[in-house]
Peer 1: 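Pasting a structure here, questions to come.
The analysis underlying the following values was restricted to heavy atoms, covering all of them including side chains, and did not include hydrogens, waters or symmetry mates. This structure is a prediction, so every number in the text was calculated from the model and none was measured. Letters A, B, ... mirror the listed sequences (proteins, then strands); counts begin at 1.
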Protein chains: 2
Amino acid sequence: MALNKYSNADKILLAVDCIIFGFDKGGLKILLIKRDFEPEQGKWSLMGGFLKEDENLDEAAIRILQHLTGLRTIYMEQLYTFSKVDRDPVERTLSVAYYALIDIAMHDQELVNTSAQWFSLDKAPHLIFDHSQMVEKAIARLKRRALSKPIGFELLPPKFTMRQLQKLYESILDKKLDKRNFINKINSFGILVRLDEKDTNASKKGAYLYTFDKVKYDEKVLEGFNFKI
Amino acid sequence: MALNKYSNADKILLAVDCIIFGFDKGGLKILLIKRDFEPEQGKWSLMGGFLKEDENLDEAAIRILQHLTGLRTIYMEQLYTFSKVDRDPVERTLSVAYYALIDIAMHDQELVNTSAQWFSLDKAPHLIFDHSQMVEKAIARLKRRALSKPIGFELLPPKFTMRQLQKLYESILDKKLDKRNFINKINSFGILVRLDEKDTNASKKGAYLYTFDKVKYDEKVLEGFNFKI
DNA sequence: TATATAAGTGTAAAAAAAACACTTTACAAT
DNA sequence: ATTGTAAAGTGTTTTTTTTACACTTATATA
């Protein structure tokens with residue numbers, strides 16, 4: 001077997017860009033950093049870096065995100081590979097976009113000492129290159145995902161109220177949902193456990209706290225469901 | 001603005017592999033070729049080649065598919081980028097998988113003089129590298145797609161019978177559907193036009209021929225639907 | 001103790017999906 | 001000419017899912 005190299009083919013730079021969605025009581029947000037090298041230094045950008053010879057894309061995404069933001073153990077999913085010839089003015093570069101969902105409060109500590117900042121989706125600044133297009137595609141994917149699989153485990157604190165979960169869905173789907181119908185639907189999936197504790201931050205009466213039944217939650221992630229709401 | 005190159009980053013080979021699904025009266029099939037260079041020469045493989053410096057991925061996919069099979073004007077969609085470090089034994093190579101759906105009979109002429117062959121999904125040979133994994137992922141995507149958007153325009157002849165369309169859905173979803181429920185559902189989308197012609201190939205009585213109302217079809221592709229069946 | 005605020009709860013109507021079987025047509029075989 | 005055969009065509013009922021909708025409860029605070 002002749003193991004010559006594929007000598008005629010072009011080698012190309014491969015970037016990985018990370019779209020991190022976060023959620024807190026202010027709603028759905030996106031994490032951006034100030035780019036610290038040319039071109040477009042000082043402009044807002046996704047967290048990005050280059051794939052190395054000896055790592056796969058998932059690994060690169062984790063390394064790059066951690067390097068730029070301090071965020072660890074974030075599960076990211078591959079979104080799409082962007083390949084317009086002139087997408088980067090410096091040099092031909094493809095970029096594989098990854099996205100993830102996290103609970104802002106939970107990861108706040110990791111983000112100190114970085115230039116990373118959270119932006120509400122509608123107040124995000126203009127982004128470099130084709131990063132805005134990446135974000136758009138990620139939002140579309142996130143919406144589709146929210147309708148076909150449970151969402152929230154990564155975005156909410158370990159204990160949360162029904163209203164927080166509903167707000168999360170409302171932010172992602174970008175529409176108001178009916179309180180009772182939402183509860184009925186969510187309960188029909190059997191992925192929630194109601195605790196005997198209440199959260200009194202947001203109301204005088206106090207709202208029951210819930211956790212996810214991780215086993216059932218994961219089952220539903222695999223089998224998918226139809227959150228037609 | 002300093003337009004230095006990104007000099008420290010690794011450059012890597014980028015392949016594009018094409019998964020072509022075809023449909024005819026034998027059901028859903030996949031197009032494969034005998035690989036004509038080492039390694040794995042003579043083994044079955046997806047249609048693949050390398051991305052060039054001056055083209056984007058969509059263009060590369062079209063070029064590669066046409067070069068290897070003669071197929072022209074096939075609309076392919078990006079599926080996923082595969083990046084395991086040792087996925088190609090010769091040299092570090094990433095591969096971006098693309099997939100498309102075509103009507104076998106319609107493109108038969110283009111495929112003469114190539115080593116490309118159609119295989120039923122369950123009778124496909126072992127494929128090189130991670131190509132089987134690519135095909136699996138493409139099948140999963142195809143199923144999801146069939147449930148959320150109309151499918152068939154690219155896979156069926158211009159005129160087709162209701163039963164052909166149903167068989168197409170049955171092949172993709174890999175389950176039997178009820179004839180009457182299928183017709184009612186499809187008709188509710190308003191994407192079909194019944195012609196006054198009949199097709200008598202498959203039955204003595206003859207079956208009405210249909211075409212797609214392309215405008216309504218495209219609308220439904222954009223807005224999506226819920227083919228819960 | 002009155003008020004204000006968010007939480008919690010159930011039912012009825014409408015829409016969608018699923019289950020289900022007989023008739024029609026025309027060719028082929030006798 | 002009659003009968004058999006093979007696929008096409010056609011509606012209704014039941015069940016499930018979705019939607020719309022409004023009042024009561026708990027408690028902190030004025």
Peer 1: Show me the side-chain donor-acceptor pairs of residues 100-108 of chain A shorter than 3.5 Å, one per line, residues at least two apart or across chains.
Peer 2:
from	atom 1	to	atom 2	distance (Å)
A/Asp103	OD1	A/Ala105	N	3.3
A/His107	ND1	A/Glu110	OE2	2.6

Peer 1: Listed by chain and number, what are the side-chain hydrogen bond (donor to acceptor under 3.5 Å, both in side chains) partners of A/Lys159, not counting sequence neighbours?
Peer 2: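 For A/Lys159, the residues satisfying side-chain hydrogen bond (donor to acceptor under 3.5 Å, both in side chains) (neighbours in sequence not counted) are A/Glu197.
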
Peer 1: Listed by chain and number, what are the side chain to side chain contact (heavy atoms under 4.5 Å, CB included) partners of B/Gln66, not counting sequence neighbours?
Peer 2: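 For B/Gln66, the residues satisfying side chain to side chain contact (heavy atoms under 4.5 Å, CB included) (neighbours in sequence not counted) are B/Arg72.
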
Peer 1: Of B/Tyr210 and A/Lys205, whose nearest nucleotide on DNA chain D comes first from the 5' end?
Peer 2: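 The answer here is B/Tyr210.
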
Peer 1: Sort and list the pairs that fulfil salt bridge (charged side-chain N to carboxylate O under 4.0 Å, His left out) and have at least one residue in residues 19-35 of chain A, not counting sequence neighbours.
Peer 2: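 Output for this query lists A/Asp24-A/Lys29.
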
Peer 1: Identify all side-chain donor-acceptor contacts of residues 111-121 of chain B below 3.5 Å with residues at least two apart in sequence or on another chain.
Peer 2:
from	atom 1	to	atom 2	distance (Å)
B/Thr114	OG1	B/Leu111	O	2.9
B/Thr114	OG1	B/Ala116	N	3.2

Peer 1: Enumerate all atom pairs, one protein N or O and one N or O from nucleotides 28-30 of chain C, separated by less than 3.5 Å.
Peer 2:
none

Peer 1: Filter on salt bridge (charged side-chain N to carboxylate O under 4.0 Å, His left out), then keep only pairs touching residues 220-229 of chain B, sequence neighbours left out; what's left?
Peer 2: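 Every pair satisfying salt bridge (charged side-chain N to carboxylate O under 4.0 Å, His left out) with a residue in residues 220-229 of chain B: B/Lys220-B/Glu223.
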
Peer 1: Without decimals, in angstroms, what is the distance between B/Asn226 CG and C/dA18 C1'?
Peer 2: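 Taking CG of B/Asn226 and C1' of C/dA18, I get 15 Å after rounding.
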
Peer 1: At a heavy-atom distance below 4.0 Å, what parts of residues 158-176 of chain B sit against DNA chain C?
Peer 2: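 Listed by number, there are none.
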
Peer 1: Which whole-number value in Å describes the distance from B/Phe227 CZ to C/dA17 C1'?
Peer 2: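 Whole-Å distance recorded here is 12 Å.
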
Peer 1: Say you draw a straight line from CZ of A/Phe227 to NZ of A/Lys149; how long is it, rounded to the nearest 0.5 Å?
Peer 2: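 Spacing of CZ (A/Phe227) from NZ (A/Lys149) equals 15.5 Å.
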
Peer 1: Just to be sure I understand the geometry, which residues of residues 178-194 of chain A put a non-hydrogen atom under 4.0 Å away from DNA chain D?
Peer 2: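 A/Asp178, A/Arg180, A/Asn181, A/Lys185, in order of number.
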
Peer 1: Which residues pass the salt bridge (Lys or Arg N to Asp or Glu O under 4.0 Å) test with A/Glu154, sequence neighbours left out?
Peer 2: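 In terms of salt bridge (Lys or Arg N to Asp or Glu O under 4.0 Å), with neighbours along the sequence ignored, A/Glu154 is linked to no residue.
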
Peer 1: In terms of the nearest nucleotide of DNA chain D, which residue is placed more toward the 5' end: B/Lys198 or B/Lys228?
Peer 2: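 In this pair, the answer is B/Lys198.
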
Peer 1: Checking side-chain polar atoms at under 3.5 Å, does B/Asn201 have a donor or acceptor matched by the opposite partner on B/Asp199?
Peer 2: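 Short answer, yes.
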
Peer 1: So, is the end of the B/Lys214 side chain (NZ or CZ) under 6.0 Å from the ring centre of B/Phe153 and within 45° of the ring's axis?
Peer 2: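 So B/Lys214 does make the cation-pi contact.
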
Peer 1: Look up atom CG in B/Leu192 and atom OH in B/Tyr217, then write down how far apart they are to the nearest 0.5 Å.
Peer 2: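 If we round to the nearest 0.5 Å, B/Leu192:CG and B/Tyr217:OH are 10.0 Å apart.
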
Peer 1: Quick one: how far along DNA chain D does chain B reach, first to last nucleotide 5' to 3', anything under 4.0 Å to a heavy atom?
Peer 2: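 Range of nucleotides touched by chain B: D/dT5 to D/dG11.
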
Peer 1: Could you walk me through whether B/Arg63 and B/Glu55 satisfy the salt bridge (Lys or Arg N to Asp or Glu O under 4.0 Å) test, starting with their C-alpha distance in whole Å, then the side-chain angles of each, then the deciding distance to 0.1 Å, before giving a yes or no?
Peer 2: CA-CA 10 Å; B/Arg63 172 179 59 77; B/Glu55 65 185 355; 2.6 Å; yes

Peer 1: Salt bridge (charged side-chain N to carboxylate O under 4.0 Å, His left out): which pairs involve residues 117-141 of chain B, sequence neighbours left out?
Peer 2: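 Salt bridge (charged side-chain N to carboxylate O under 4.0 Å, His left out) check on residues 117-141 of chain B returns B/Arg87-B/Asp130.
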
